Amino acid sequence: MSVDRLQIVGVKGLELGLDPARLQRFIAEVALPVLQNRLQGLQLSPAVISAMNLVFVELKQIQTGDGFLAAYLDAHTLLGAAKDTKAPETQIVKAPGPTVGPQVVQIQVAGSDDQTPPGLLRYKARVDGGAWSEPTFSRRVDVVTYGGAHTIEIAALDLQGNLDPTPARLQLAVDESSPELTITSRPESIIAESEIAIAFTGSDDLTPAAQLSFGAELYRMPAQGGAPELVQSRLFEAGISRVSFDRLEDGVYKARVIAKDSAGNVTSKDIGFTVYREGGCAVAGRGGDSALALLLLGLLIAIRRRARA
């Protein structure tokens with residue numbers, strides 16, 4: 001997925017800017033989980049179907065092949081079941097670390113009960129002692145959190161309506177601030193070399209500078225227009241202050257440096273430049289804009305084509 005910088009300007013001069021890395025993180029960790037929750041409401045597999053709250057069918061798996069569709073399910077009935085007064089127990093199977101960025105927190109849970117099968121337990125959640133959410137058969141609980149310290153409670157509910165009186169608890173802090181990123185050295189606007197290097201520094205309000213991680217991406221801008229093409233990338237690594245890209249062919253490029261703190265908050269900065277080596281001649285200018293580099297490259301290419309004609 002590639003997202004360019006988003007700039008929203010309101011009618012009264014209100015301006016909102018999201019750099020590409022922050023926008024990608026918002027889509028991946030907020031928008032997509034919300035969409036996934038909506039899709040889960042369509043009773044896709046796995047799902048539990050109830051008939052008069054007496055018969056329950058738990059859909060375990062669906063397989064398709066050449067000319068067939070196979071569904072694997074468990075059927076449960078409450079007919080003749082003894083009165084159940086014992087509440088289930090709840091466990092947290094998987095949860096994020098103690099510090100996270102603003103996101104939909106995903107928590108995997110499990111439960112046990114003396115009469116209700118594990119697959120038929122439902123789960124409720126609440127934040128900071130607030131109202132309980134509606135119970136769901138899903139064993140993944142998604143909770144929306146905001147800045148600050150929070151306590152999340154999750155309680156299992158059996159088929160008789162008994163709710164775990166000692167919910168599983170998770171404490172975490174939400175860090176809403178993204179790190180600061182400063183580019184200290186960058187390539188010139190037009191270069192004749194096949195390799196570039198970019199130096200940078202970063203800082204954050206909670207994460208020490210030595211623990212910040214940095215990554216980088218290199219995009220080539222198509223000559224005929226269209227979406228940029230990702231040609232190289234550098235994985236996130238803590239403590240680095242420089243990245244380089246090599247084996248560059250002639251063309252217009254955009255390099256993106258990304259800083260990430262321990263909560264996953266990101267900040268990015270883009271750097272545009274042009275590689276032009278034909279005839280061994282290079283034209284260079286400091287501090288230029290990538291649009292100017294693109295214009296100059298276009299003029300050089302046009303002159304070359306006219307000379308050949």
Side-chain angles (χ1 to χ4, degrees), residues 1-10 14-37 92 94-108 125 127-128 130 140-152 169-186 198-219 228 230 232-243 254-272:
M1 178 176 61
S2 176
V3 181
D4 288 330
R5 183 175 298 273
L6 174 66
Q7 201 78 14
I8 301 175
V9 180
L14 176 64
E15 185 170 326
L16 172 64
L18 293 175
D19 70 43
R22 294 184 190 180
L23 187 56
Q24 286 177 321
R25 183 172 183 269
F26 173 81
I27 293 174
E29 299 186 2
V30 178
L32 291 181
V34 170
L35 177 61
Q36 189 174 10
N37 278 344
I92 293 179
K94 184 178 180 181
T99 304
V100 299
Q103 61 183 274
V104 177
V105 177
Q106 300 180 350
I107 307 168
Q108 294 183 16
V127 180
D128 299 332
R140 198 194 77 187
V141 178
D142 293 350
V143 180
V144 179
T145 58
Y146 303 95
H150 300 284
T151 299
I152 300 175
R169 286 180 172 84
L170 173 67
Q171 292 184 327
L172 53 81
V174 180
D175 178 10
E176 292 184 316
S177 299
S178 295
E180 296 289 335
L181 174 63
T182 302
I183 303 298
T184 59
S185 177
R186 50 163 291 168
I198 305 172
F200 43 80
T201 61
S203 62
D204 187 70
D205 58 338
L206 296 179
T207 303
Q211 296 179 17
L212 290 174
S213 14
F214 299 90
E217 300 168 340
L218 180 66
Y219 295 87
L230 177 63
Q232 296 185 43
S233 63
R234 299 290 183 267
L235 299 178
F236 282 99
E237 185 177 349
I240 63 174
S241 59
R242 183 180 181 275
V243 294
K254 176 177 66 177
R256 176 172 299 161
V257 180
I258 307 171
K260 182 168 65 173
D261 64 18
S262 59
N265 297 311
V266 294
T267 298
S268 66
K269 288 192 175 181
D270 290 350
I271 300 167

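Since this is a predicted model, take the numbers as computed values, not measurements.
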* For the residue pair Leu172 and Val105, what are the closest heavy atoms and their distance? -> CD2-CG1, 4.2 Å
* Please report the C-alpha distance between Glu217 and Ile258 in whole Å, then the side-chain angles of each, then the deciding distance to 0.1 Å, and finally whether the side-chain contact (heavy atoms from CB on, under 4.5 Å) criterion is met. => CA-CA 8 Å; Glu217 300 168 340; Ile258 307 171; 4.2 Å; yes
* Which atom of Pro96 lies closest to which atom of Gln106, heavy atoms considered -> CD-O, 3.7 Å
* **Proximity of Phe214 and Phe200 rings by center, below 6.0 Å** => yes
* To do: Measure across Ser268 and Arg256 and return the closest heavy-atom pair with its distance rounded to 0.1 Å.
  => CB-CG, 4.0 Å
* Heavy-atom closest contact (Ala125 atom, Val141 atom, distance) -> CB-CG1, 3.6 Å
* To do: Would you give the length of the straight line joining atom OG of Ser213 to atom NZ of Lys260, rounded to the nearest 0.5 angstrom?
  => 5.0 Å
* Structure fact -> side-chain contact (heavy atoms from CB on, under 4.5 Å) test vs Ile152 passes for just one of Ile92, Asp128, Val143, namely Val143
* Structure fact -> Sorted by chain and number, sequence neighbours left out, side chain to side chain donor-acceptor pair (under 3.5 Å) with Thr267 holds for Arg22
* Would you say the side-chain atoms of Gln211 pair up with the backbone N or O of Ala209, donor to acceptor, closer than 3.5 Å? -> no
* Give a yes or no answer on whether the side chain of Glu176 reaches the backbone of Gly147 with a donor-acceptor pair at less than 3.5 Å. => yes
* Could you state the interatomic distance from CG (Asp261) to CG (Leu212), rounded to the nearest 0.5 Å? -> 7.0 Å
* Which pair of heavy atoms, one from Asp204 and one from Thr207, lies closest together, and at what distance? -> OD2-N, 2.8 Å
* Asked: So with a 6.0 Å cut-off around CD of Gln108, is the heavy-atom count from everything else above 12?
  -> yes
* If you measure from CD on Gln171 to OG1 on Thr151, what distance do you get to the nearest 0.5 Å? -> 4.0 Å
* With no hydrogens and no angle check, is any side-chain donor or acceptor of Lys269 less than 3.5 Å from a backbone partner on Leu181? -> yes
* Asked: Nearest 0.5 Å, what's the CG-OG distance between Asp175 and Ser262?
  -> 6.5 Å
* Structure fact -> One should read off an interatomic distance between Leu230 CG and Lys254 NZ, to the nearest 0.5 angstrom, of 10.5 Å
* Structure fact -> Heavy-atom nearest pair, Asn265 first then Pro102, reads OD1-CD, 3.4 Å
* Check for a donor-acceptor pair, side chain of Arg234 on one end and backbone N or O of Leu218 on the other, with a separation under 3.5 Å. => no
